[in-house]
Amino acid sequence: MDAADINGDLTEVLYTEKQIQERVREIAVQIDEDYRGKEPLLVGVLNGAVMVMADLYRALTIHAQMDCMAVSSYGSGTQSSGVVRILKDLSIDVHGRHVLVVEDIVDTGLTLTYLLENLASRNPASLKLAAMFRKPEANKVHIDMAYVGFDIPNRFVVGYGLDFNGRYRNLVDVGVLNPSIYA
Ligand code: PRP
């Protein structure tokens, strides 16, 4: 679906499908260069990362593999607490692999802080992060984000993997959700 299909649900489109796809291709070019000859393992964090994983992985011209993890963060309401439980672990052993974690968004950074620590303990050859969107809070935690699509404002955004109650992940654009939807 695109923004026109959900007329009224968004107050503003932040990034169109075209802009997102262009940015994904730019990041893929960088990853191609940085990982040439290394056959990286892309690790997607379900569910939000499905869209960027599918697009980024296909945009690469080098050999690469992919796997996914599912995590759940314990928190009160919409706030992430940083306590993360692994619901689905990787199928591929990351020991000695060049791991690139792929995320849709880094907000408080708590999920990623846990995840990167967990993956680092498995002794990968290298460990980096690619996130399509980054919110301002993310800058407060020390996470080295090798590849970032867009820095976005601290607003309720949906689309391209980002959901509200499971909806809008399949929106090809990214926009600000109308408060009337979640009020
Ligand atoms: C989102 C997103 C990240 C995390 C970022 O996942 O995909 O994993 O939140 O938030 P943080 O930086 O504040 O920790 P969510 O838990 O909403 O699950 P989802 O991917 O299934 O939407």
Side-chain angles (χ1 to χ4, degrees), residues 1 6 9-10 14-15 17 20-21 23-24 27 31 40-57 66-92 94 99-122 124 127-179 181-183:
M1 59 168 56
I6 52 164
D9 287 12
L10 303 179
L14 292 179
Y15 298 103
E17 177 183 24
I20 293 168
Q21 294 302 329
R23 188 71 189 113
V24 168
I27 293 173
I31 294 173
L41 174 66
L42 273 54
V43 170
V45 188
L46 299 172
N47 295 316
V50 163
M51 310 299 164
V52 58
M53 173 63 99
D55 289 338
L56 187 62
Y57 189 33
M66 65 157 280
D67 200 351
C68 287
M69 287 181 83
V71 297
S72 120
S73 81
Y74 296 109
S76 55
T78 56
Q79 288 298 308
S80 176
S81 66
V83 182
V84 176
R85 187 163 57 109
I86 294 176
L87 301 177
K88 182 221 170 285
D89 209 336
L90 296 171
S91 310
I92 298 174
V94 305
V99 174
L100 179 61
V101 176
V102 177
E103 262 286 23
D104 51 342
I105 189 166
V106 182
D107 185 351
T108 64
L110 293 172
T111 307
L112 263 299
T113 299
Y114 168 84
L115 207 57
L116 292 174
E117 234 177 71
N118 181 289
L119 290 172
S121 73
R122 307 181 194 194
L127 180 59
K128 286 188 179 180
L129 171 67
M132 198 58 210
F133 302 103
R134 175 170 61 187
K135 279 195 171 177
E137 278 287 302
N139 294 314
K140 292 185 187 166
V141 291
H142 181 73
I143 295 182
D144 183 17
M145 298 182 33
Y147 312 95
V148 178
F150 300 105
D151 278 299
I152 58 169
N154 200 14
R155 297 167 77 185
F156 202 138
V157 292
V158 293
Y160 201 62
L162 304 172
D163 75 307
F164 169 62
N165 277 351
R167 284 188 171 177
Y168 305 106
R169 288 195 204 277
N170 57 331
L171 176 64
V172 293
D173 313 296
V174 163
V176 179
L177 193 61
N178 192 325
I181 303 289
Y182 56 86

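First listed ligand is number 1; within each ligand, the first listed atom is number 1. None of these values were measured; they are calculated from a predicted model.
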Heavy-atom distances under 4.0 Å decide this one: backbone, side chain, both or neither, for D163 against ligand 1? side chain

When rounded to the nearest 0.5 angstrom, what is the spacing between CD1 in I105 and CZ in R134? 11.5 Å

Taking atom CG of L112 and atom CE of M145, what is their separation to the nearest 0.5 Å? 7.0 Å

Using a plain distance cutoff, I'd like to know if G109 has any nitrogen or oxygen under 3.5 Å from a nitrogen or oxygen of ligand 1. yes

In terms of side-chain heavy atoms, does N154 have a donor or acceptor partner in E137 at a distance below 3.5 Å? no

Per-atom contacts of ligand 1 with R169, taking only distances under 4.0 Å to non-hydrogen atoms: 19 (P), 21 (O), 22 (O)

If only atom types and distance count, is the side chain of R23 paired as donor or acceptor with the main-chain N or O of V148 below 3.5 Å? yes

Taking ring pair (Phe, Tyr, Trp, His ring centres under 6.0 Å) as the definition, give me every residue that meets it alongside Y147, ordered by chain and number, with sequence neighbours left out. none

Against heavy atoms of L46, which atoms of ligand 1 measure under 4.0 Å? 20 (O), 21 (O)

Nearest candidate to atom 11 (P) of ligand 1, where distance is taken over non-hydrogen atoms, out of T113, L115, T108: T108

Hey, does I105 sit under 4.0 Å from ligand 1 if you only count heavy atoms? yes

As an exercise, identify every atom of ligand 1 less than 4.0 angstrom from a heavy atom of D104. 2 (C), 7 (O)

Proximity to ligand 1 by part of E103, non-hydrogen separation under 4.0 Å: side chain

Distance-only N or O hit between ligand 1 and G48, under 3.5 Å: yes

Test side-chain hydrogen bond (donor to acceptor under 3.5 Å, both in side chains) applied to R122 - qualifying residues, sequence neighbours left out: D89, N118

Just jot down the ligand 1 atoms closer than 4.0 angstrom to any heavy atom of T111, in number order. 4 (C), 8 (O), 10 (O), 11 (P), 14 (O)

Interatomic distance, CG@L42 vs SG@C68, rounded to 0.5 Å, equals 9.5 Å

Heavy-atom distances under 4.0 Å are what count here, so tell me which part of N47 touches ligand 1: side chain, backbone, both or neither. both

How long is the straight-line distance from NZ of K135 back to CG of D107, given to the nearest 0.5 Å? 4.5 Å

Under 4.0 Å from a heavy atom of L110: give me the atoms of ligand 1 that qualify, with their elements. 12 (O), 14 (O)

